Each structure stands twice: as structure tokens, then as C-alpha cells.
Amino acid sequence: MAREYSLENTRDIGIIAHIDAGKTTVSERVLFYTGVSHKIGEVHEGETVMDWMEQERERGITITSAATTCFWVPTVYNGDKQHEYRINLIDTPGHIDFTVEVKRSMRVLDGACVIFDGVSGVEPQSETNWRYADEYSVPRLCFINKLDRMGASFDNSYQSILDRLTPNAIPVQIPIGLEGSFEGVVDLLKMKAYRFEGDMGEKVIEGEVPESLKADAEKRRHALVEKIVEQDDDLMAQYLDGKEPEVDKLKKVLRKATLANTLVPVLCGSALKNKGVQLMLDAVVDYLPSPLDLPPTKGTDPKTGAELAREPKDDAPLAALAFKVASDPFVGSLTFFRVYSGTLKRGTYILNTTKGVKERVSRIVRMHANHREEVEEIGAGNLGALVGLKDTTTGDTLCDEANPIVLEKITFPEPVISLRIEPKTKADQEKMGLALRRLADEDPTFRVTGDAETGETIIWGMGELHLEIIVDRMKREFNVEANVGRPQVAYRETIKGEAEAEGKYIKQSGGKGQYGHVRIRVEPMESGKGFEFVNEIKGGAIPQEFFKPIEKGIIEAMQKGVVAGYPLNDVKVTLYDGSYHEVDSSEAAFKIAASMALQEGAKRAKPVILEPIMKVQTLVPAEFMGDVTGDISSKRGRIEAMSDRGNIKVIDAKVPLSEMFGYATKLRSMSQGRGNFTMEFSNYEEVPANVAKQVIEGRK
């Protein structure tokens, strides 16, 4: 039977981190200590609850974010009546190829636990995830994990958070011992030591701070209290008068500062050795927001565009956001949603305002990784999934028909890599179309396009691993066997100069002819701005009804480019003159004329090819550093920084994506299998002339 909880005692949180920092291990401990699972699943044994896909268990990485609900009574009793809290938890992937999962989870979560590896500290994907959390103003706390590992350092990891993420991070715990002698943590506010005993660390034992740590703990507590009292005038006055504020008051102010993103509490532990996870759950309850702590959700009226707000109340009008679509082998399509206000009930009709369609709510489930619990309704501030919605995709708003609202959509990064794919047999052909459509519905960074000239199907994604998993899922989940070509780079084109051009489309053939005539000006825009259409027609040189087809014609022509047929980007097009014919002018004629003008103008405006540049971080033992830096330079890479992480050298570089295929294998052979790297998209840059020549030849 589902238990009911007040919103005040609900927490919607995500666990985010770089790949291999231990997110899934932390999530598994959370499930065990909260009683959801009765056995701890380990990533290295392929037995985890949260990583339930076969591909995740084989590779030992998280690919898709898994949602679950668990219940927690705080460990450290503080004299209040003990409440049980409901925690809705999402475990997200750390690999850059699946960054979409983190981004969409951040959009619907109220708080986040950011996990760091105690040896490596802040890594590239931690920075990307931190940026997403900043984008959606998500309050967060940090958990420095793996302090039992060789080379672990709480201070170095904490310093990397200060240097690379935020100067507002402040430790509320310090470790007792490190590496092999790591045995527990000291709570700086309470000045108590906590050790974890029992087979699975389930017994939390409170004790006195060890003598050897007392001086350091006092010093750090002093710094922590000063940071907290700066956030509150009354406490500040009390503190300056020489009175020590009570722990409960300090906690309340720290909570307020965490919610406002002005302080970020830092905790520590080792999930694998079952130390510190219960205190992290206590911190989630103490410092991260309930749905009531956040301002009302903002949206717009679909008819008037006016701003609307929705309070997180069960009796308010319904407003929910679909943040993920997944295909489930047993129930078909599952749409994950977050209810911001109102109650979603079984058997009712809801309006999808993004698409303008009505959907019937036939089944609502609460998810526990890949297990489902049927429920009658889900109230404000909670996460759930709907079975069998027909038209709803990621980012759509679901609401009452009587009170329509459109919530802010989620923006996703553009895919940067593509593959040719073809079915092996005639029987696979039909199944492949269905499989690709289902997978594209699930993942907004995965695209399917057709090449009109060759008739081939092209799939696009965020990286080689992303597309490899897609092809693997087609085979396992949809029984589709397919052949794939070599990965291709998503080049773009742009212009560097300004030009004017005229497009005339006149066709006379007895009877009604065709007449369209436009004059346009094309000019470059700054990188990443996309496309802008400006209409400067005065005095009716072209009637209003032809403006839309003209813009459409320009957009279509931009898809084909002018140098090597890649899409044109970052161009501003101004329509400033033209003419029309009373009888012969038509929408089609103006569309063709605009398309001709754009092609003509772009050719004169110094067109160039752009290529995706990747941010690459390579980690290698010092003795291989010369070989690796030489190899990066030979790939047209720019080395931007080098640093030390223990006895490992860290090389940060920007390298064109076209040079990075097969790098994993090459790096392994150069470093006797001891090097590894991470890569994420950075920006587009102009291709050097010799490479541009090869790209153009390749297209022919």
C-alpha cells in the first residue's frame, strides 16, 4: 500500500557525478539502508538494482537514469519528533555521451547530491553536470567518496571543488583516517565522531572526536560557523557578542543558505566500504529543499503568452512536465513525469499543451528502477510514470483542460557524430524503422535522418559509445540485425562576409504561370546564434502572405549549404526588396526564389566549413606524457593545461572530433593500458584549408 507524505517531508533529489565516481554504488547503499532492497548490489558484480539494463551491467556504467522512491528516518536523533521522509531519487549517468539524462533530470529535481572521487576530485563531467545544476538553480551538496582508496585525499578533492566549481563549498564533515585506515567521519557542527559497524555498516555509532583530530576539527568548525553566521544578521550579532549559536540554529541558517545556493555543504565517506551514506541521507533531509521550499513554478498561457504561476498544492490546477520517455518490454511506452501542482488521477483526461492534444490517463505507476508499483493518483511534488501515452514526448507539459499552461521546455545539445546504418535482411527493414522511431522518442540527442541522394539511413548521436549502445539495444530489445558504416563527423558551414543577392523564379507556360522575386542581404552572426530572419519590406513590394514561404525557402536552402552540402549556421538574412505579379505569384514560387537567393548570397559571402572541436582530458602516468602530448599535437590538438593528480599527469586539450576516432585503442597501446581520457563537445571552429579540401572531396 502506498504511504502518504506531506510535501514538507518529501525530497526530490538526483545523484550526479563524473563516470566512475561511485554514483550507482551510493544509490545502492541508499536503497539498502532505506529498506527498499534487502541485499546490496555491486556494480563490479553486475548485480545492481539501479543499473538494470543488460548493457549497463556488462559495461559497469550507467546509461539511463533510473528513478526510485524510498523512505528515511534520520539517523542522528536531534530531540524533535522523528519523521519519516519520502525521498524520490534519480541515479543519473556520468558518461558524456548520455549527458541528456543528467540535463533532463536536473530540470525536474529540487536538489542534487554531487559525488566526487576522493582520489581524482573534480573531473570534466563533474563540471558539465555542475553547469546544468547552475542553469536550473538546483541546490546541491557534495559527497567526497572513495576515501578508502590508495591516494585518496579529502583536502585535495575539496580544494578542486573550490578552484573549479564554486568558492561557496564548505565542509560539514571531515574523515577519520584515509586510505586503508579510513574508519568514519567527524560531524563538525555537533563535534561528534561517527563510525559504521555491522556487516553492511548499518549501525551508526556516535562517539567522541579522536584526540589526534581535535585541534584540526576545532579549527575547521570555527571556519564553518563563521561562514554560516555571515548568512544571518541575528546570528552574526550573537556570534560577535561572544555567544556560541546553538547547533539547531546553525543548521537552519545553513539550510537557508544551501537553498539559496550561497553555501554548498561538503560531506565525505566511502560507499563501497559502507561508511557515511546514512549521514548523507540525513544531510539530504536537513539541507536540500522540499517542493514547498521552492518558488511557485512559472509557465505561460498558451493562448495569450502571459506568465502564469502554479503553487505546489494537491488541490491546485494540474501542471506536470514529461521529462523522459522509455520503452518498456512489458508495458510499452512509459512517460516519466514530475507533478508541479495539482493531482494526476487515473481514468481522467489531461491536455498536452505543447502538442495541443488530449491524452487519457489509463495507468499510473511509481517506478523502482525497472519495477513498477500501480497507484491511483500522484500529487504535487512527486515523480511517477504514465503507461501508454500516444503523443507525449520529452519536455511536453501535461495539465488540466480548463487551466492550460506551458512549462519551460528542456533544451538539448546537438548531436556531433553520425553513422550509416542498414538492415541485414528484408525482415529487419520494417522492424528497424519502428525501433529507430522508438529510440528517437526516448532520447532527444539521438536523431535519425535519411540521405536523399543515396537513400541511406543516417543515425546521429553524442559519441561513439552512444551510437554503439543504440545499435546494441536495437539488436536486443527489438531483434533488429543491422550493418553500420564508419562514424562520420557533423560538419557545419557558415559565412564570414556580407553579400546581397537576388532570386527570381518566373515560369510562363500557357495559362497561370509562376512568379516570385526577392532581394536579400546575408551576414554572419556570432557562433552558436543559429539563424535570424529580418523582414524590411516597406510599402507592400511583396504581400504579407508570402513572408512565411520566403522564410521557409531560406531555411530549407540553409540545410543544404553551399561548400560541401553541410547545413549553414549562424547566418542573418534580411529580406529588403522584391516584386510580385497580381496573378502568377504563389507561395511555391516565392519559396523557390528565396531558396535561389540564399544559395547565391551565401556563395558570395566567403563561405567556410566548420568542424566540432572536443574538450579532451587525458590522464596518464608521468613516463608516457611525452608520447601522449606529441600524439595530441599531431591530431591538430591544442594543449591548454597540464597538471598533476598524485603521480598521474592530467592533460587538458582541444582536439577536432575527426581526429579522435579510435583514440581509446591508441592511448591504451601508448600507455601500456594505464591511460584513460574523457571527451565532450566544446564548440565549432573553421576547418584549415587543406582539411576543407579533403572534406569537400569526401562529399563528392
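These figures come from a predicted structure and were not determined experimentally.
- In this structure, T353 contributes its side chain and I405 its backbone to a donor-acceptor pair below 3.5 Å.
- Under the rule for a side-chain hydrogen bond (donor to acceptor under 3.5 Å, both in side chains), the partners of Q231 that lie at least two apart in sequence or sit in another chain are T262.
- Here the options are D232, V172, I228, the test is side chain to side chain contact (heavy atoms under 4.5 Å, CB included), and the partner is L250; only I228 passes.
- Expressed to the nearest 0.5 Å, how far CZ of R363 lies from CD of E374 amounts to 4.0 Å.
- Counting only distance, with no hydrogens or angles, the side chain of S290 and the backbone of T10 share no donor-acceptor pair below 3.5 Å.
- Minimum heavy-atom separation, P612 to A490: CD-O, 3.7 Å.
- Not one N or O on the side chain of D400 forms a donor-acceptor pair closer than 3.5 Å with the backbone of A402.
- When the shell of 6.0 Å around CD of Q544 is examined, it contains 12 or fewer heavy atoms from other residues, nucleotides or ligands.
- Remark: side-chain polar atoms of D570 are paired, donor with acceptor, to backbone N or O of G530 under 3.5 angstrom.
- For the atom pair I350 CD1 and L389 CG, the distance stands at 5.5 Å (nearest 0.5 Å).
- In this structure, L575 and F547 have side chains that are in contact, with non-hydrogen atoms separated by less than 4.5 Å.
- The existence of a salt bridge linking D110 and R338 is confirmed by a sub-4.0 Å separation between a basic side-chain nitrogen and an acidic carboxylate oxygen.
- In this structure a side-chain-to-backbone donor-acceptor pair under 3.5 Å is present from T354 to T397.
- Note that CG of L141 and CE of M280 are 7.0 Å apart. Values are rounded to the nearest 0.5 Å.
- Residues meeting the ring pair (Phe, Tyr, Trp, His ring centres under 6.0 Å) test with Y340, sequence neighbours left out: none.
- For the pair P567 and Q559, the minimum side-chain heavy-atom distance is below 4.5 Å.
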Evaluate the criterion side chain to side chain contact (heavy atoms under 4.5 Å, CB included) for residue pair L467 and I459; output intermediate values, then yes/no.
CA-CA 8 Å; L467 293 180; I459 57 174; 4.1 Å; yes
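- Looking only at side-chain heavy atoms (C-beta outward), I161 and C142 come within less than 4.5 Å of each other.
- Minimum interatomic distance between A17 and I115 (heavy atoms only, all atoms of both residues): CB-O, 3.1 Å.
- Within the 4.5 Å cutoff, side-chain heavy atoms of I378 are placed close to those of F337.
- The minimum heavy-atom distance linking P289 with P139 is given by the pair CG-CG, 3.9 Å.
- Rounding to the nearest 0.5 Å places CD of E311 at 9.0 Å from OG1 of T297.
- A salt bridge between K249 and D234 is absent, with no side-chain N of the basic residue lying under 4.0 Å from a carboxylate O of the acidic one.
- F143 places none of its side-chain heavy atoms less than 4.5 Å from the side chain of C113.
- Contact between N352 and K355 at its shortest, heavy atoms only, is OD1-N, 3.0 Å.
- The neighbour count for K529 NZ, taken as heavy atoms of other residues, nucleotides or ligands under 6.0 Å away, does not exceed 12.
- K431 forms no cation-pi arrangement with F478, by the criterion of a distance under 6.0 Å to the ring centre and an angle within 45° of the ring axis.
- Looking at W130 and T166, their side chains come closer than 4.5 Å, going by heavy atoms from C-beta outward.
- Taking both residues in full, the closest heavy atoms of P291 and P312 are given as O-CG, 3.6 Å, listed atom of the first, atom of the second, then distance.
- To the nearest 0.5 Å, atoms CD (E536) and CD1 (I520) are separated by 12.5 Å.
- Between the T343 side chain and the D314 main chain, a donor and an acceptor come within less than 3.5 Å of each other.
- Considering only heavy atoms from C-beta on, I550 comes within 4.5 Å of F533 through its side chain.
- Using a 4.0 Å cut-off between charged side-chain N and carboxylate O, E556 and K591 make a salt bridge.
- A pairwise comparison of heavy atoms in L279 and L267 identifies O-CD2, 3.9 Å as the closest pair.
- No salt bridge links K227 with E230; every basic N to acidic carboxylate O contact stays at or beyond 4.0 Å.
- Under a 3.5 Å cut-off, the side chain of R255 and the backbone N or O of L288 do form a donor-acceptor pair.
- Aromatic ring pairs are classed by plane angle as parallel below 30°, tilted from 30° to 60° and perpendicular above 60°; the pair F546 and F590 is parallel.
- In this structure, R140 contributes its side chain and S137 its backbone to no donor-acceptor pair below 3.5 Å.
- For E359 (side chain) and T392 (main-chain N/O), a donor-acceptor pair under 3.5 Å exists by modelled atom type.
- With a 4.5 Å cut-off on side-chain heavy atoms, I364 and L386 count as touching.
- Partners of F446 according to the ring pair (Phe, Tyr, Trp, His ring centres under 6.0 Å) rule, which considers only residues two or more places apart in sequence or in another chain, do not exist here.
- In this structure, N382 CG and E377 CD are separated by 10.5 Å, a value rounded to the nearest 0.5 Å.
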